[in-house]
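Chain A is the first sequence line, chain B the second, and so forth, proteins listed ahead of strands; every chain is numbered from 1. Remember, predicted model here, so these are calculated numbers, not experimental data. Note that these values count all heavy atoms, side chains included, but never hydrogens, waters or copies made by symmetry.
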Number of protein chains: 2
Amino acid sequence: MDRRTQILHTAGRLFSQRGYHATSMRDIARALDLQGGSLYTHIESKEEVLWEIVNRAADRFLAHATSIDPDLPPRERLKALVRGHLTVIAQELEHATVFFHEWKFLSPELQERIKARRDAYEAHFREAIESGVQRGEFKVEDPKIAALFVLSALNWTYQWLRPEGPLDLEALTERYTALVLRALGGEA
Amino acid sequence: MDRRTQILHTAGRLFSQRGYHATSMRDIARALDLQGGSLYTHIESKEEVLWEIVNRAADRFLAHATSIDPDLPPRERLKALVRGHLTVIAQELEHATVFFHEWKFLSPELQERIKARRDAYEAHFREAIESGVQRGEFKVEDPKIAALFVLSALNWTYQWLRPEGPLDLEALTERYTALVLRALGGEA
DNA sequence: CCTACCGATCGGTAGG
DNA sequence: CCTACCGATCGGTAGG
């Protein structure tokens, strides 16, 4: 792991624990046994560090979603989306936390880029639900609200999901998909 | 509205927009046409301001939950809980945002007090679900996960719920309760 | 990668 | 409620 990667990793941990503004560059340096100024050989600015963390987390979420065959039956597609989302959060809890919590501290231009990626991600959920409704697999009055409902239930999990916790990822995925599919009227 | 109330209100707005650490006491003072030092006639410290905002938001959530008759049929009880939660978020969006986002910046002692209140609040949901399962109104494998699922779907709404938005609170409550009850197996 | 520093700003206080 | 200030710390840079 080269220095830059170490810096991003350490920053991700500290940002997720204390927040972006409550973490100083000197905090990051100290955790790596460096002096504050030495970080700038490897990074451009504090904001660049935040951007890398947030954007890489967006990569992870999108990589899962785009790898799902859109021709799958909507029920299977949604199951895969739920599983992928929980997997990213469980495997990348610190970066996911920074992604959800700290993206507002990016510059307006970088915020727009993240919003665009987030919208593209959410569209996968909305489309899976809409196609399920069209095919009669799901029954919901308002697919947009249903998508927000499902994404809300998933996003908040970064607040309480602990990979080392009593519930393993498989078991949680199973229970969450069951709740989601039943909410959408897609399962007995 | 006395000065102290004005300060708490302004701080709530700024904390919700920029976050606690990115808001300076001088920012709050400037918004009220005061000098920074003048705030301290009315407040003790920046942390006290955060505490007041967070704890009052907790008051609002708990006031709704405890006003619900626990002998109601579980379905009705849960409907009321969902309605109450969305009502607080819609009516107190800025304070609710600070409640969810900034409580980690309180001292450990104050964090504990908030956690205790949050746990008490969540217990209302868990108990409503558990009693629904016992009475046969709900069918869920794991009431604890079901409660986390419902609370997650509700909590995240502060991220996208806009009181001035196209969807009014009544309509949103209706759709959310329908999704929640169906997820719990409590409605055809 | 370190030492030493820059200007700016922080939360909070004294004294009026 | 203001002026003026305190010590501390911030992100970042120059020069080696």
Proximal nucleotide (of [options]) relative to the [X] side chain:
X: A:K46; options: D:dC1, D:dG12, C:dG11; answer: D:dG12
X: A:L34; options: C:dG11, C:dC2, D:dC2; answer: C:dC2
X: A:S38; options: D:dG12, C:dC1, D:dC2; answer: C:dC1
X: A:Q35; options: D:dG11, C:dG11, C:dT3; answer: C:dT3
X: B:R3; options: D:dC2, D:dC1, D:dC5; answer: D:dC1
X: B:Y40; options: D:dC1, D:dC10, C:dG11; answer: C:dG11

Scan the side chains in residues 137-144 of chain A for donor-acceptor partners under 3.5 Å anywhere in the protein, sequence neighbours excluded, and list what turns up.
residue, atom, partner, partner atom, Å
A:E137, OE1, A:R75, N, 3.1
A:D142, OD1, A:K144, N, 3.1
A:D142, OD1, A:I145, N, 3.3

Ring-face cation contact, B:W103 with B:R113, 6.0 Å cut, 45° max: no
Pick base, sugar-phosphate or nothing for [X], based on heavy-atom distances below 4.0 Å to the nucleic acid.
X: B:G36; result: nothing
X: A:H21; result: nothing
X: B:L39; result: nothing

Centroid separation B:H101 to B:Y20 less than 6.0 Å: no
B:F99 ring center within less than 6.0 Å of B:Y158 ring center: no
For atom OH of A:Y20 and atom C1' of D:dC10, their distance in whole Å: 12 Å
Within 6.0 angstrom of A:H9 NE2, more than 12 heavy atoms from elsewhere: no
B:R60 atom CZ, neighbour heavy-atom count above 12 within 6.0 Å: no
OP1 or OP2 of D:dC10 under 4.0 Å from side-chain N/O of A:S24: yes
Between the first and last five pairs of the helix from C:dC1-D:dG16 to C:dG16-D:dC1, the angle of the axes, rounded to 10 degrees: 0°
